Undergrad: 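Supplied in structure tokens, the structure appears directly below.
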Amino acid sequence: MTRPTTSNRTIAKLAGLVGSLGVAAAAPAGWAADAAHPVVVELFQSQGCSSCPPANANLIALSQRPDVLALSFGVTYWDSLGWKDTFASPQYTARQWDYAHALRHDNVFTPQVVVNGRLDGVGAGRGEIEQLMRRADRAAGGPAVSIGGGAVSIGAAATPVRSADVWLVRYDPRVVQVAIQRGENSGRTLPHRNVVRELVRLGVWNGQPARFTLPASRDPALSTAVLVQTSGAGPILAAAKG
């Protein structure tokens, strides 16, 4: 098991974090993302990590923007250090490790935000996340993705250098309050939103039109999103919310 690490960047970001977050700022001029083509912001965190709440608060603020698909992934490697994360899954820890390899990191750390599968950071500072979102903007390329009728349809587009995986993501759009009883955050009640509860690889897209049937959700209250992502945790080419 890999012991959780918090980089020196986290300390610097936390030192500069200011009070209330409020609603996320409007999209910058020249921004290619919109509600039909959202920028994907993935947060890897743990309820046992005392550095994670500021990044989590930032993700909750971003989740209110229609042009952002904000996703919270609970990782498991903090679970042996006092508090077992109630949303963590080994599958999400594996996804973070896939990003570590793709982004040429030696280790995983929390908190970590990955934007469009292209760039990453700590995520404790709102300015940092906004900068990552600008730098990792997918522009207008990528296939059209539409969700409806129990299926997802992906249009034709330039053939990717490598094949692309099609991921079904189901997440909880509700704010869920979790009382932490042990570990670094003992005594705190932490809000969570857009927590990923299901992650399913539907198949492969190779540049040609494709259609995939969506499996039934185990919880009808969950929201649906689909990612078209270069294989090997590479750049996200397209995304859509259901």
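Heavy-atom basis, side chains included; hydrogens, waters and symmetry copies ignored. The chain is numbered in sequence order, starting from 1. Keep in mind the model is a prediction, meaning the values are calculated, not measured.
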Undergrad: Can E128 and R134 be counted as an ion pair, charged N to O under 4.0 angstrom?
TA: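 No.
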Undergrad: State whether the side chain of E42 and the backbone N or O of Q112 hold a donor-acceptor pair below 3.5 Å, judged by distance alone.
TA: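 No; judged by distance alone, with no hydrogens or angles, the pair does not exist.
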Undergrad: Is Q229 reaching over with its side chain to a backbone N or O of G234, donor-acceptor style, under 3.5 angstrom?
TA: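 Side chain of Q229 to backbone of G234, a donor-acceptor pair under 3.5 Å: yes, one is there.
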Undergrad: Side-chain contact, heavy-atom cut-off 4.5 Å: L214 with R170?
TA: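 Contact flag for L214/R170 side chains = yes.
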Undergrad: Are V41 and L59 side-chain neighbours, meaning at least one heavy-atom pair lies under 4.5 Å?
TA: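 V41 reaches L59 side chain to side chain.
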Undergrad: Quick check: does any side chain N or O of R138 sit under 3.5 Å from a backbone N or O of N116, one acting as donor and the other as acceptor?
TA: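 A pair under 3.5 Å: no.
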Undergrad: So, does Q47 use its side chain to make a donor-acceptor pair with the main chain of T86 at under 3.5 Å?
TA: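 Checked: pair present.
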Undergrad: Any side-chain to backbone donor/acceptor pair from T76 onto A88? Under 3.5 Å, distance only.
TA: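 Looks like no, no N/O pair under 3.5 Å.
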Undergrad: Measuring from Y92:OH to S72:OG, what's the distance to the nearest 0.5 Å?
TA: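 Going from OH on Y92 over to OG on S72, the span is 10.0 Å.
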Undergrad: Tell me the side chain to side chain donor-acceptor pair (under 3.5 Å) pairs involving residues 205-217, sequence neighbours left out?
TA: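 Checked against side chain to side chain donor-acceptor pair (under 3.5 Å) - neighbours excluded - the pairs reaching residues 205-217 are E198-S217.
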Undergrad: Would you say that more than 12 heavy atoms from the other residues, nucleotides or ligands in this model lie under 6.0 Å from the NZ of K84, or not?
TA: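 Counting neighbours around NZ of K84, 12 or fewer heavy atoms of other residues, nucleotides or ligands fall under 6.0 Å, so no.
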Undergrad: Between F44 and Y99, what is the ring plane arrangement, given parallel below 30°, perpendicular above 60°, and tilted in between?
TA: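 Rings of F44 and Y99: perpendicular, as their planes differ by over 60°.
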Undergrad: Please answer: with hydrophobic residues joined when any side-chain heavy atoms are less than 4.5 Å apart, are V68 and L237 in the same cluster?
TA: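 Shared cluster, no.
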Undergrad: Given 3.5 Å as the limit, does a donor-acceptor pair link the side chain of R182 with the main chain of G82, or not?
TA: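 Between the backbone of G82 and the side chain of R182 there is a qualifying donor-acceptor contact (under 3.5 Å).
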Undergrad: If I compare all heavy atoms of F212 with all of L202, which pair ends up nearest, and what's the gap?
TA: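 What the structure gives for the nearest pair is CD2-O, 3.6 Å.
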Undergrad: Would you give the length of the straight line joining atom CD1 of I180 to atom OG of S50, rounded to the nearest 0.5 angstrom?
TA: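 Between I180 CD1 and S50 OG, I get 12.0 Å after rounding to 0.5 Å.
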Undergrad: In sequence, state the C-alpha distance, the side-chain angles, and the governing distance for F87 and V176, and then conclude on side-chain contact (heavy atoms from CB on, under 4.5 Å).
TA: CA-CA 11 Å; F87 300 126; V176 180; 3.9 Å; yes
Undergrad: Membership question, hydrophobic clusters at under 4.5 Å side-chain separation (ILVMFWY): are V200 and V226 in the same one?
TA: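 The answer is yes; both residues are in one hydrophobic cluster.
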Undergrad: Can you confirm whether Q96 sits close enough to F73 that some side-chain heavy atom of one is under 4.5 Å from a side-chain heavy atom of the other?
TA: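 Contact flag for Q96/F73 side chains = no.
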Undergrad: Measuring only between side-chain heavy atoms, which start at C-beta, is V75 closer than 4.5 Å to F109?
TA: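 No, every pair of side-chain atoms sits at 4.5 Å or beyond.
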Undergrad: Assess the residue pair V40 and L227 against the criterion (side-chain contact (heavy atoms from CB on, under 4.5 Å)); give the C-alpha distance rounded to whole Å, side-chain angles, the decisive distance to 0.1 Å, and a yes or no.
TA: CA-CA 9 Å; V40 182; L227 311 178; 3.9 Å; yes
Undergrad: Membership question, hydrophobic clusters at under 4.5 Å side-chain separation (ILVMFWY): are V113 and V195 in the same one?
TA: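 Hydrophobic grouping puts V195 apart from V113.
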Undergrad: How about S46 and T110: does a side-chain donor come under 3.5 Å of a side-chain acceptor?
TA: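 Absent: no donor and acceptor within the cut-off.
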Undergrad: Could you measure the distance from the CH2 atom of W83 to the CG atom of N185? Nearest 0.5 Å is fine.
TA: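 With rounding to 0.5 Å, CH2 (W83) is 10.5 Å from CG (N185).
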Undergrad: With a 3.5 Å distance limit and no angle check, can you tell me whether R218 reaches the backbone of R197 through a side-chain donor-acceptor pair?
TA: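 Confirmed, R218 side chain pairs with R197 backbone.
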Undergrad: Under a 3.5 Å cutoff, is there a donor and acceptor pairing between the side chains of Q45 and N56?
TA: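 Distance-only check passes for Q45 and N56.
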Undergrad: With hydrophobic residues grouped by side-chain heavy-atom distances under 4.5 Å, do V166 and V204 end up in a single group?
TA: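 In one cluster: no.
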Undergrad: Write down the atom of A70, the atom of N194, and the distance for their closest heavy-atom approach.
TA: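 Taking every non-hydrogen atom into account, O-ND2, 2.8 Å.
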Undergrad: Side chains of residues 144-162: which donor-acceptor partners sit under 3.5 Å, not counting sequence neighbours?
TA:
| from | atom 1 | to | atom 2 | distance (Å) |
| --- | --- | --- | --- | --- |
| R162 | NE | S231 | O | 3.4 |
| R162 | NH2 | S231 | O | 2.8 |

Undergrad: I'd like to check the salt bridge (Lys or Arg N to Asp or Glu O under 4.0 Å) partners of R174; sequence neighbours left out, ordered by chain and number.
TA: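 If we apply the salt bridge (Lys or Arg N to Asp or Glu O under 4.0 Å) test to R174, skipping adjacent residues, the hits are D172, D219.
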Undergrad: For the residue pair H37 and D67, confirm or rule out a side-chain donor-acceptor distance under 3.5 Å.
TA: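 Side chains of H37 and D67: no pair found under 3.5 Å.
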Undergrad: Do V39 and D137 make a side-chain contact, defined as non-hydrogen atoms from C-beta onward lying under 4.5 Å apart?
TA: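 No, their side chains stay 4.5 Å or more apart.
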Undergrad: Taking all heavy atoms of I60 and all of R193, pick out the closest pair and write down the distance.
TA: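 That would be CG1-CB, 3.9 Å.
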Undergrad: Keeping N58 on the side-chain end and A124 on the backbone end, is there a donor-acceptor pair under 3.5 Å?
TA: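 Yes: the side chain of N58 pairs with the backbone of A124.
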Undergrad: Closest heavy-atom contact between D79 and D85?
TA: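 In terms of heavy atoms, the two residues are closest at OD1-N, 3.0 Å.
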Undergrad: Restricting to non-hydrogen atoms, name the atom on L62 and the atom on M133 that form the minimum distance, rounded to 0.1 Å.
TA: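 Closest approach of L62 to M133: CD2-SD, 4.1 Å.
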Undergrad: State plainly whether one hydrophobic cluster holds both L199 and L168, where clusters connect Ile, Leu, Val, Met, Phe, Trp and Tyr through side-chain heavy atoms under 4.5 angstrom apart.
TA: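 Cluster IDs for L199 and L168 differ.
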Undergrad: Shortest non-hydrogen contact from D165 to G232?
TA: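 Closest approach of D165 to G232, heavy atoms only: OD2-N, 4.2 Å.
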Undergrad: How about V178 and H192: do any of their side-chain heavy atoms sit closer than 4.5 Å?
TA: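 In short, these two side chains touch, coming nearer than 4.5 Å.
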Undergrad: Quick one: are W167 and V228 in side-chain contact, heavy atoms under 4.5 Å?
TA: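 No, side chains not in contact.
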